[in-house]
*Asks:* 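Handing you this structure, nothing more for now.
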Number of protein chains: 2
Amino acid sequence: MSPRHSTVEAARTRERIVRAAVEDASRLGLEGLTVGSLARRLGMSKAGLVGPFGSREQLLAAALEQAGQVFRAAVTEPLEGLPPGPGRLEQLIDRWVDYLADCPFPGGCFVTAASSELDGRPGPLRDRLREIVTSWRRRLATEIAAAQAESPGRHRPPDEVATTLIGLSMALNQEIQLLEDPSAVPRAREAMRHAVGLAVGP
Amino acid sequence: MSPRHSTVEAARTRERIVRAAVEDASRLGLEGLTVGSLARRLGMSKAGLVGPFGSREQLLAAALEQAGQVFRAAVTEPLEGLPPGPGRLEQLIDRWVDYLADCPFPGGCFVTAASSELDGRPGPLRDRLREIVTSWRRRLATEIAAAQAESPGRHRPPDEVATTLIGLSMALNQEIQLLEDPSAVPRAREAMRHAVGLAVGP
DNA sequence: CCTACCGATCGGTAGG
DNA sequence: CCTACCGATCGGTAGG
């Protein structure tokens with residue numbers, strides 16, 4: 001009744017392929033990933049590479065899911081256990097900036113790049129990405145509202161602040177990846193803290 | 001001594017090709033543009049399409065320049081004649097948001113998409129794009145500093161505000177192109193006005 | 001997981 | 001500006 005060796009091996013192989021696919025897609029874009037060069041890099045045949053997924057597009061879908069997991073592991077999971085409020089929002093911002101500053105993907109934020117690439121290409125990949133982005137926006141707005149609820153006075157609408165934070169993450173990603181400007185990291189961190197109403201440095 | 005007819009025709013053809021290239025690249029990305037399908041769409045041969053530019057990459061470079069021109073015509077040129085200060089910054093924000101809301105490119109902001117696509121691909125296209133983005137950042141920071149100079153009190157650093165505005169433009173572009181959320185336009189406009197310290201609506 | 005192959009398309013060039 | 005072609009590569013499949 002124990003799993004056949006080949007089953008374990010198959011899962012390992014699948015995992016190995018997905019990780020390599022995420023790397024390639026991060027550097028070259030989802031459309032830039034080709035099964036031929038990815039297979040060559042892994043020392044496999046094209047058929048062996050695509051087989052576990054059925055098609056190139058389903059391999060890209062698996063890579064997108066994996067990238068979402070990596071983002072959540074870096075930014076969202078460290079918050080578990082903290083009570084909602086300004087302290088947790090501050091942690092979220094720090095984890096988010098750290099994720100962009102020391103990015104687990106060689107080409108910068110995978111979801112941002114995929115969004116720009118897929119927004120004009122209808123299909124299941126675009127649909128799934130829209131779900132991922134929408135869900136993250138909702139999560140952000142909830143965290144912001146919880147933080148605002150603990151301090152008196154008028155606040156900007158949580159949706160607007162969420163847009164500002166997402167925008168700052170995109171601008172930071174550009175300043176790191178395209179402009180290679182090391183001053184961008186502290187600047188974006190301060191801007192995020194200011195946008196949500198946290199005290200900011202001198 | 002008058003220019004030969006063929007010279008005028010050649011310039012017209014070149015212009016026509018560049019415009020079509022910008023459209024294709026906006027929808028499919030710069031890497032997604034192929035000379036074969038672009039030639040077919042224009043009823044030309046591949047050789048005739050690429051000839052005036054020398055190579056596909058130089059055609060892409062021409063498309064990038066053209067996209068920069070379109071952006072400046074929409075956002076920067078309308079400001080000419082206005083004195084620096086809050087009024088001109090307000091106009092800049094409105095033209096910028098309008099440009100994104102009713103975009104001259106079918107796939108959304110060309111420069112933002114190109115930035116995300118090229119940031120991991122070293123070469124002359126990336127170098128040129130970096131110049132374009134850097135120059136725009138500088139211009140923005142100058143406009144922000146001029147507006148701040150006219151009002152008393154402490155202000156956020158102009159570089160930080162420039163990052164916030166650029167980020168908001170990217171987030172708005174995503175909300176329009178990927179999420180197709182019509183509420184994004186007024187929200188981003190308010191966020192930009194707030195970020196630069198202009199009075200915002202109710 | 002492999003080899004061997006499919007038709008289609010890629011960017012580019014020779015020659016006019 | 002064209003036709004006609006180059007070698008390379010694309011994603012996918014048949015058959016094992």
Side-chain angles (χ1 to χ4, degrees), chain A residues 3-25 27-64 114 117-118 121-126, chain B residues 3-25 27-64 114 117-118 121-126:
Chain A
R4 289 170 52 78
H5 182 67
S6 63
T7 302
V8 176
E9 280 300 308
R12 237 192 289 267
T13 298
R14 204 190 133 100
E15 175 94 356
R16 189 164 147 262
I17 294 168
V18 173
R19 285 189 199 284
V22 167
E23 278 174 33
D24 270 25
R27 261 187 279 260
L28 308 169
L30 288 160
E31 307 293 330
L33 179 148
T34 68
V35 298
S37 58
L38 189 58
R40 202 177 314 120
R41 184 153 82 80
L42 293 175
M44 300 172 66
S45 67
K46 292 193 298 174
L49 184 108
V50 166
F53 305 92
S55 71
R56 173 179 173 271
E57 181 156 49
Q58 285 172 286
L59 167 58
L60 293 181
L64 182 56
E117 186 178 355
L118 296 176
R121 297 178 177 260
L125 280 180
R126 191 194 123 130
Chain B
R4 290 171 50 77
H5 181 67
S6 64
T7 303
V8 177
E9 280 301 307
R12 236 193 289 268
T13 297
R14 203 190 133 100
E15 175 93 357
R16 188 165 148 262
I17 295 167
V18 173
R19 285 188 198 284
V22 168
E23 279 175 29
D24 270 25
R27 261 187 278 261
L28 309 169
L30 288 159
E31 306 294 329
L33 180 147
T34 68
V35 298
S37 59
L38 189 59
R40 202 177 315 120
R41 184 153 83 80
L42 292 176
M44 299 171 67
S45 68
K46 291 192 299 175
L49 185 108
V50 165
F53 305 92
S55 71
R56 172 179 174 271
E57 180 155 48
Q58 285 171 286
L59 167 56
L60 294 180
L64 182 57
E117 187 178 354
L118 296 175
R121 295 178 177 262
L125 280 180
R126 191 194 122 128

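Chain identifiers are assigned alphabetically (A, B, ...) following the order of the sequence lines, protein sequences preceding nucleic acid strands; residue numbering begins at 1 within each chain. Predicted, not measured: the structure shown is a model, and the values here were computed from it.
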*Asks:* To the nearest Å, give me how far apart CZ (A:Phe53) and C1' (D:dT13) are.
*Replies:*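 That distance rounds to 18 Å.
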*Asks:* Counting Watson-Crick and G-U wobble pairs with both distances under 3.5 Å, what is the dot-bracket string for DNA chain C, 5' to 3', using [ ] for crossing pairs and | for pairs to another strand?
*Replies:* ||||||||||||||||
*Asks:* When you look at A:Arg121 and A:Glu31, which way does the side-chain contact (heavy atoms from CB on, under 4.5 Å) test go after all the steps?
*Replies:* CA-CA 11 Å; A:Arg121 297 178 177 260; A:Glu31 307 293 330; 3.5 Å; yes
*Asks:* For A:Arg19, what residues pass the side chain to side chain donor-acceptor pair (under 3.5 Å) criterion, not counting sequence neighbours?
*Replies:*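 With neighbours one apart ignored, the set is A:Glu15.
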*Asks:* For A:Leu60, which residues count as a side-chain contact (heavy atoms from CB on, under 4.5 Å) partner, sequence neighbours excluded?
*Replies:*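 Result, side-chain contact (heavy atoms from CB on, under 4.5 Å) vs A:Leu60: A:Leu30, A:Leu33, A:Arg56, A:Leu125.
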*Asks:* Of all residues at least two apart in sequence or in a different chain, which pass the side chain to side chain donor-acceptor pair (under 3.5 Å) check with A:Arg27?
*Replies:*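 With neighbours one apart ignored, the set is empty.
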*Asks:* Applying side-chain contact (heavy atoms from CB on, under 4.5 Å), name anything that partners B:Ser55, two or more places apart in sequence or on another chain.
*Replies:*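 Listed in chain order: B:Glu57, B:Gln58.
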*Asks:* How would you list, by chain and number, every residue that makes a side chain to side chain donor-acceptor pair (under 3.5 Å) with A:Arg41, sequence neighbours excluded?
*Replies:*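 Once residues adjacent in sequence are excluded, the partners of A:Arg41 under the side chain to side chain donor-acceptor pair (under 3.5 Å) criterion are A:Asp24.
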*Asks:* Going by salt bridge (charged side-chain N to carboxylate O under 4.0 Å, His left out), name the residues that satisfy it together with A:Arg16, two or more places apart in sequence or in a different chain.
*Replies:*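 Applying salt bridge (charged side-chain N to carboxylate O under 4.0 Å, His left out) to A:Arg16 gives none.
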*Asks:* Just the atom pairs and distances: protein N or O near nucleotides 9-12 of chain D's N or O, under 3.5 Å.
*Replies:*
unit_1: D:dC10; atom_1: OP1; unit_2: A:Thr34; atom_2: OG1; d: 2.8
unit_1: D:dG11; atom_1: OP1; unit_2: A:Arg56; atom_2: NE; d: 3.0
unit_1: D:dG11; atom_1: OP2; unit_2: A:Val35; atom_2: N; d: 3.1
unit_1: D:dG11; atom_1: N7; unit_2: A:Lys46; atom_2: NZ; d: 2.8
unit_1: D:dG11; atom_1: O6; unit_2: A:Lys46; atom_2: NZ; d: 3.2
unit_1: D:dG12; atom_1: OP2; unit_2: A:Arg56; atom_2: N; d: 2.9
unit_1: D:dG12; atom_1: O6; unit_2: A:Lys46; atom_2: NZ; d: 3.1

*Asks:* Please enumerate all residues that pass side chain to side chain donor-acceptor pair (under 3.5 Å) together with A:Ser37, with sequence neighbours excluded.
*Replies:*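 If we apply the side chain to side chain donor-acceptor pair (under 3.5 Å) test to A:Ser37, skipping adjacent residues, the hits are A:Thr34.
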